[in-house]
Trainee: 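Attaching a single structure in structure tokens format; questions to follow.
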There are 2 protein chains.
Amino acid sequence: MRILVVEDDADLRRQLGEALKDSGYAVDLADNGEDGHFLGDTEPYDAVVLDLGLPIIDGISVLQKWRADGKTFPVLILTARDQWSEKVSGFDAGADDYLTKPFHHEELLARLRALLRRAAGHTTDSIDIGGLHVDNRAARCFVDGMPVKLTSHEFRLLSYMAMHRGRVISRTELVEHIYDQDFDRDSNTIEVFVGRLRRKIGTNRIETVRGLGYRLIDPDNVPVKK
Amino acid sequence: MRILVVEDDADLRRQLGEALKDSGYAVDLADNGEDGHFLGDTEPYDAVVLDLGLPIIDGISVLQKWRADGKTFPVLILTARDQWSEKVSGFDAGADDYLTKPFHHEELLARLRALLRRAAGHTTDSIDIGGLHVDNRAARCFVDGMPVKLTSHEFRLLSYMAMHRGRVISRTELVEHIYDQDFDRDSNTIEVFVGRLRRKIGTNRIETVRGLGYRLIDPDNVPVKK
DNA sequence: CCCCATATTCAGATTGTGTTCAGGGGTGTA
DNA sequence: TACACCCCTGAACACAATCTGAATATGGGG
């Protein structure tokens, strides 16, 4: 999952970035409306945290532009306590949730998770696929009840695939959602991670579709032809 | 499905080419208006992605020429954000859809699928023909509910025939839509693929029309005959 | 009954994937 | 600060699926 944070306060921006990375997200940061808008337009984020009081272009305008362009990623807006009216215009502009400053990081994380899973059409923080349990809240994973230790990138990979289970996901899509902006895509890291994941959660859970990508499946629920 | 991409920016061109190939299309690339126009005139594309700001001949002119020549393939134009007025002239010139740069690959793919299926007169990404289900989005195929594993070229063949179900399709047409430019057509690959496809989805679904080509049919719904 | 279009088979060639590993950077601990 | 450890990255190599083109078989139509 890849998140964009647009926040002009340097301290808060840094803190948010760290908190989100700690939670296993790929994070890009912007400190003004213009850069933020450009990034949101260019990169395929899974969610955006958007401050409303921004230099150059204000948050509401940024959000409006995105929505006018058909961007559908969930947006969580941050407002100062005394700018209550902004909340309203925020929702009008297409925000999905808001948080008033100051707030606890915990709360931000919880709301973000909720947005992400809602966007993926799930209703809980965890996903079960034939004995495989992926807990996005705790960033943990179990196979047949036994905890499996995953590194952060392994978990991101699994989590993204679980969110889009059953669908074929191309390497390009995986790279775009697992890494943040600057990543040199011509290497075989994805294959390497898929390999390691398979060793940990079982080879038959990740199906490779030659020429297209990978798909997470329930190995016990594949109607076999022939 | 065979796509032409006319884009002068080398990076973007390469990226688009890869993303489209990842999705299973045959792709030709052109980096200027003149070459692009020539290719569109010469080869039977199923859709074209056309940048408007091009060297030698600009995109709008290219599009106008094609339309004046009676080319009907769907065209998706790419415009820079600040060239909004171009969009209008683009539509006037006969474009079917547009996307402003920068954009997500996923969005381009979605719009392209929409254009392709619209051009073929369908309204969804998947097609059913008497127990045969072809899902162009997931690049999957089912026979009587059972998933059938196809290789990428097998799927392209099936997909093209499904888009034009009921019609007789010549070998030449198949070759032209399944492969990109540089392909040596004097071999019997098509027969080979048809053979393999028949073995996988059932012999009676692909009818041979001697001297003309093949036709995809519903074996349970053949209007008598014979 | 012969000819030609179509089918089938098969063995390289080619391309796409999996695995392994060493070096580097980061993190936590003494 | 130095040390130990873990993870990520990129490259090299091993392996596998798929594609291709040719050789060979089959069958319909004149």
Side-chain angles (χ1 to χ4, degrees), chain A residues 17-18 21-22 24-27 139 141 148-158 161 168-172 174-175 178-215, chain B residues 17-24 26-27 139 141 148-158 161 168-175 178-216 225-226:
Chain A
E18 284 181 15
K21 275 178 188 153
D22 282 353
Y25 301 113
V27 182
C141 150
V148 177
K149 222 175 162 182
L150 298 182
T151 70
S152 108
H153 280 212
E154 285 165 7
F155 187 80
R156 285 190 209 177
L157 185 63
L158 178 61
M161 295 187 78
V168 177
I169 303 171
S170 72
R171 278 153 238 279
T172 314
L174 286 173
V175 168
I178 285 169
Y179 292 96
D180 41 39
Q181 254 189 313
D182 23 56
F183 181 76
D184 177 16
R185 63 168 26 233
D186 39 67
S187 92
N188 66 340
T189 36
I190 294 295
E191 282 89 340
V192 173
F193 279 117
V194 168
R196 289 208 263 259
L197 248 186
R198 280 187 169 138
R199 210 174 310 155
K200 290 187 179 183
I201 68 170
T203 310
N204 53 357
R205 290 183 184 281
I206 301 179
E207 192 181 56
T208 123
V209 182
R210 189 163 246 255
L212 295 179
Y214 299 97
R215 170 168 42 203
Chain B
E18 283 182 17
L20 290 170
K21 277 179 188 154
D22 273 358
S23 297
V27 183
C141 151
V148 177
K149 244 182 162 169
L150 299 182
T151 69
S152 94
H153 279 209
E154 285 164 7
F155 186 81
R156 283 191 209 177
L157 185 64
L158 177 60
M161 295 187 77
V168 177
I169 303 169
S170 72
R171 273 152 247 280
T172 315
E173 182 176 351
L174 286 174
V175 168
I178 285 168
Y179 292 95
D180 44 40
Q181 253 189 311
D182 23 58
F183 181 74
D184 177 15
R185 65 181 52 196
D186 40 70
S187 92
N188 66 339
T189 35
I190 294 296
E191 281 89 341
V192 173
F193 278 116
V194 168
R196 289 207 265 257
L197 247 186
R198 278 184 171 144
R199 207 174 314 154
K200 289 188 180 184
I201 67 171
T203 310
N204 53 358
R205 290 184 184 280
I206 301 179
E207 195 181 51
T208 301
V209 182
R210 193 159 240 261
L212 293 178
Y214 300 96
R215 171 164 44 196
L216 189 65
K225 173 70 167 290
K226 177 180 299 178

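Each chain gets a letter, A, B and so on, in the order the sequences are listed, and its residues count up from 1. These values consider heavy atoms only, across backbone and side chains, with no hydrogens, waters or symmetry-generated copies.
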Trainee: From NZ of Lys21(A) over to C1' of dG25(C), roughly how many Å is that when rounded to an integer?
Mentor: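 The distance from NZ of Lys21(A) to C1' of dG25(C) comes to 15 Å, rounded to the nearest Å.
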Trainee: Please check the phosphate of dC19(D) (OP1 and OP2 only) for any side-chain N or O of Ser152(B) closer than 4.0 Å.
Mentor: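 Result: yes.
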Trainee: Val192(B) has a side chain; which of dA7(C), dA5(C), dA22(D) sits nearest to it?
Mentor: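 The listed nucleotide nearest to Val192(B)'s side chain is dA22(D).
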Trainee: Which of these nucleotides, dT6(C), dT18(D), dT20(D), is closest to any side-chain atom of Thr151(B)?
Mentor: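 From the listed options, dT18(D) comes nearest.
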Trainee: Is the Phe193(B) ring parallel, tilted or perpendicular to the His153(B) ring (thresholds 30°, 60°)?
Mentor: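 Tilted.
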Trainee: Whole angstroms only, please: what is the CZ-C1' distance between Phe193(B) and dA7(C)?
Mentor: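 Those two atoms, CZ and C1', are 15 Å apart.
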Trainee: Between atom CD in Glu207(B) and atom P in dT6(C), what is the gap in whole Å?
Mentor: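 About 13 Å, once rounded to whole Å.
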Trainee: Would you please say whether a donor-acceptor pair under 3.5 Å links the side chains of Tyr214(A) and Arg171(A)?
Mentor: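 Yes - a donor-acceptor pair under 3.5 Å links their side chains.
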Trainee: Over how many whole Å does the gap from Glu191(B) atom CD to dT26(D) atom C1' extend?
Mentor: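 Distance, rounded to whole Å: 14 Å.
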Trainee: Taking side-chain contact (heavy atoms from CB on, under 4.5 Å) as the criterion, tell me which of Leu174(B), Leu150(B), Leu216(B), Thr151(B) meets it with Leu157(B).
Mentor: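 Among Leu174(B), Leu150(B), Leu216(B), Thr151(B), the one meeting side-chain contact (heavy atoms from CB on, under 4.5 Å) with Leu157(B) is Leu174(B).
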Trainee: Once hydrogens and angles are ignored, does a donor-acceptor distance under 3.5 Å link the base of dT20(C) to the side chain of Asn188(A)?
Mentor: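 Between dT20(C) and Asn188(A), which were checked side chain against base, a qualifying N/O pair under 3.5 Å is absent.
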Trainee: Whether the Asp22(B) and Ser170(A) side chains hold a donor-acceptor pair (N or O, under 3.5 Å, no angle test) is what I'd like checked.
Mentor: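 Per modelled atom types, Asp22(B) and Ser170(A) side chains form no pair under 3.5 Å.
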Trainee: I need the CG-P distance between Asn204(B) and dA7(C), as an integer number of Å.
Mentor: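 Checked: the CG to P distance equals 14 Å.
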Trainee: Expressed as a whole number of angstroms, how long is the span from Ile190(A):CD1 to dG16(C):C1'?
Mentor: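 Value for this atom pair: 15 Å.
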Trainee: Indicate, with a heavy-atom threshold strictly under 4.0 Å, whether Arg171(B) touches base, sugar-phosphate, or nothing.
Mentor: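 Sugar-phosphate only.
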Trainee: Hey, are Thr208(B) and Arg198(B) close enough side-chain-wise for a donor-acceptor pair under 3.5 Å?
Mentor: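 Looking only at side-chain atoms, Thr208(B) and Arg198(B) do form a donor-acceptor pair, the distance falling under 3.5 Å.
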Trainee: Side chain of Tyr179(A) only, heavy atoms from C-beta on: which candidate in dC7(D), dT17(C), dT9(D) is closest?
Mentor: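 Shortest atom-to-atom distance from the side chain points to dT9(D).
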Trainee: Below 4.0 angstrom from OP1 or OP2 of dG18(C), is there any side-chain N or O of Tyr214(A)?
Mentor: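 For dG18(C), OP1/OP2 do have a side-chain N/O of Tyr214(A) under 4.0 Å.
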Trainee: Check the distance between dC6(D)'s P and His153(A)'s NE2 and give it to me in whole angstrom.
Mentor: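 To the nearest whole Å, that distance equals 18 Å.
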Trainee: To the side chain of Arg210(B), which of dA5(C), dG18(C), dA7(C) is closest?
Mentor: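 So the nucleotide nearest the side chain must be dA5(C).
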Trainee: Whole Å only: how far is the CZ atom of Arg156(A) from the C1' atom of dC8(D)?
Mentor: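 Result: 11 Å.
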